2 protein chains.
Amino acid sequence: MTLGEEPAAEHAHTTAWIASVLRGRIAAGRLTPGSKLSEQSLSAALGVSRNTLRQAFTTLAGESIVTRVPNRGVFVASPGAEEVREIYRVRRTIEPAAVLWGEATPEALNAMEAIVQRAQAAREAGSVADMAGANQEFHEAVVGLTGSSALRALMDRVLAEMRLVFYAMASAPDFHSHYVSRNAGLVQRLRAGQNELAATELREYLDAAEAELLEHLTGVAQ
Amino acid sequence: MTLGEEPAAEHAHTTAWIASVLRGRIAAGRLTPGSKLSEQSLSAALGVSRNTLRQAFTTLAGESIVTRVPNRGVFVASPGAEEVREIYRVRRTIEPAAVLWGEATPEALNAMEAIVQRAQAAREAGSVADMAGANQEFHEAVVGLTGSSALRALMDRVLAEMRLVFYAMASAPDFHSHYVSRNAGLVQRLRAGQNELAATELREYLDAAEAELLEHLTGVAQ
DNA sequence: CTCGCCAACATTGTTGAACAATCCATACTT
DNA sequence: AAGTATGGATTGTTCAACAATGTTGGCGAG
């Protein structure tokens with residue numbers, strides 16, 4: 001739990017294990033955007049060969065969690081304004097499509113409503129992290145309506161990049177709380193079978209979120 | 001050295017180079033679905049170390065062009081019925097969304113129309129390969145309307161998997177020719193600003209294509 | 001004093017060999 | 001003949017080395 005790495009738990013795929021460890025550290029904010037991941041130090045710290053670490057790097061680079069600069073090394077991705085725009089291009093495409101054409105079964109809607117309630121509870125408790133987590137879970141559930149694992153994986157990557165955006169921002173504004181009630185409204189629309197209305201509202205939602213994020217991003221940095 | 005691999009042109013990123021070579025061979029059908037990619041033979045044939053070949057494998061596995069079975073090796077992916085369903089879940093989500101909400105600029109429409117004409121010419125010339133290629137290009141252009149490189153990359157992967165499906169089929173039916181005229185109609189709808197109609201027609205289009213493919217697939221194999 | 005060149009250093013990219021772990025196939029035992 | 005044991009082959013991982021490239025510092029010229 002400290003800083004040491006002692007697991008040494010022989011795993012089938014050491015490379016996948018290492019990749020997941022790094023993914024977790026980045027997601028948890030222990031490795032901030034822009035940090036350099038030195039092969040030498042990391043291989044020593046994790047107790048694996050430089051070679052397997054390298055393999056883990058290629059998988060993480062494939063997930064665009066990490067960027068590779070030739071002969072310079074790998075760095076934790078530090079998304080800027082352009083990356084944010086790209087993120088919302090993706091979200092504005094697949095999320096409304098999911099609510100419009102996805103299979104909103106009663107079970108799926110119940111699960112989404114449960115997530116919304118968890119987000120509301122977290123908001124009232126003042127736990128920003130939990131609220132942000134529940135919010136991301138909600139949007140993942142939205143994409144899950146398509147039933148496609150590939151789209152879900154893409155959304156995972158996009159949300160991971162979103163987390164990096166938040167870590168890269170100096171000041172962390174109250175970004176999620178505005179949107180919790182909108183999520184609740186979205187579920188209601190879907191329950192009523194008003195999919196088209198839900199889709200257009202979600203697109204406006206995403207437009208607003210992107211604008212807010214971009215404003216905060218360009219206002220602080222660059 | 002079987003057939004011509006002699007370049008040995010020192011490339012900046014050997015691993016990326018090797019990955020693209022394998023990608024090309026698979027796309028060209030020289031490596032058919034299910035084939036085993038032996039580390040020993042391939043590393044010798046390509047003139048690279050087993051270690052770098054391994055790294056190239058991880059990138060290809062990330063693109064799901066290749067599947068890795070622990071302690072058994074890597075094989076060219078051989079998509080079955082379930083994979084086809086997944087492919088069309090993705091396509092049925094992002095392609096209609098692209099025509100519905102994407103920016104169909106005049107230049108983009110002109111480019112799409114040019115692709116359609118190339119497909120028609122190939123059909124009349126009887127060149128199935130060219131027609132199939134143009135058809136895939138068309139759908140890539142459709143996704144390109146979103147302006148998102150990530151969605152475009154996803155579509156690339158999906159189309160690569162589609163190619164594997166065709167290679168895996170014993171008999172190659174005339175699959176694409178039915179749909180060339182539909183593509184032309186789609187462009188017309190977009191030119192007229194009838195995006196919603198275009199989207200619903202595209203969804204029906206994709207439904208029909210999936211059904212036809214599944215029928216041929218389950219009829220022949222399994 | 002500043003600018004540009006140059007050499008030493010550090011890091012990454014790639015290779016080859018080695019060993020453990022696992023799977024497959026053959027041959028052996030009962 | 002059926003099940004089991006043994007051997008070989010392939011993959012997974014590590015290590016040590018070298019080549020290629022980037023960085024850093026100092027040096028001298030202007």
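Numbers restart at 1 for each chain; the letters A, B, ... are given by sequence-line order, proteins then strands. This structure is a prediction, so every number in the text was calculated from the model and none was measured.
- Identified under the ring pair (Phe, Tyr, Trp, His ring centres under 6.0 Å) test for residues 127-155 of chain A, with sequence neighbours left out: A:H139-A:Y205.
- Residues A:T58 and B:T58 bring a donor and an acceptor atom of their side chains to less than 3.5 Å of each other.
- No hydrogens or angles considered: a donor-acceptor pair under 3.5 Å links the side chains of B:Y179 and B:E212.
- Residues passing the side-chain hydrogen bond (donor to acceptor under 3.5 Å, both in side chains) test with A:R54 are A:E39, sequence neighbours excluded.
- Distance CZ (A:F75) to P (D:dG22): 12 Å, rounded to an integer number of Å.
- The nearest whole Å value for the distance from the CD atom in A:E39 to the C1' atom in D:dA16 is 15 Å.
- Applying the side-chain hydrogen bond (donor to acceptor under 3.5 Å, both in side chains) criterion to B:S177, with sequence neighbours excluded, gives B:D174.
- Taking CG from B:L145 and OG1 from A:T93, the interatomic distance works out to 10.0 Å, rounded to the nearest 0.5 Å.
- Whole-Å rounding puts the B:N71 CG to C:dA21 P distance at 11 Å.
- Contacts of residues 50-58 of chain A with DNA chain C (heavy atom under 4.0 Å): A:R50, A:N51, A:R54.
- One interatomic measurement links the two molecules: CD of B:Q40 to C1' of D:dT11, which rounds to 10 Å at whole-angstrom precision.
- Between A:L46 atom CG and D:dT13 atom C1' there is a gap of 15 Å when expressed in whole angstrom units.
- DNA chain D is contacted by both B:S38 and A:P70; B:S38 maps to the nucleotide lying nearer its 5′ end (nearest heavy atom per residue).
- Distances shorter than 4.0 Å separate some side-chain N or O of B:T14 from OP1 or OP2 on C:dT14.
- Residue B:W17 contributes atom CH2, which lies 19 Å from atom P of C:dG13 at whole-angstrom precision.
- Taken to the nearest 0.5 Å, the CG atom of A:N51 stands 10.0 Å off from the OG1 atom of A:T15.
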Which side-chain N or O atoms in residues 152-164 of chain A pair as donor and acceptor under 3.5 Å with protein atoms at least two apart or in another chain?
unit_1: A:R157; atom_1: NE; unit_2: A:E63; atom_2: O; d: 3.4
unit_1: A:R157; atom_1: NH2; unit_2: A:S64; atom_2: OG; d: 3.4
unit_1: A:R163; atom_1: NE; unit_2: A:Q136; atom_2: OE1; d: 3.1

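- Going from atom CZ of A:R68 over to atom P of D:dG22 covers 15 Å, rounded to whole Å.
- When the C1' atoms of four end pairs are superposed on the next four at each end of the helix from C:dC1-D:dG30 to C:dT30-D:dA1, using five pairs per end, the two resulting axes differ in direction by 10°, to 10°.
- At least one side-chain nitrogen or oxygen of B:R72 sits closer than 4.0 Å to the OP1 or OP2 atom of C:dC24.
- Atoms CD and CZ, on B:Q55 and B:R50 in that order, are 13.5 Å from each other to the nearest 0.5 Å.
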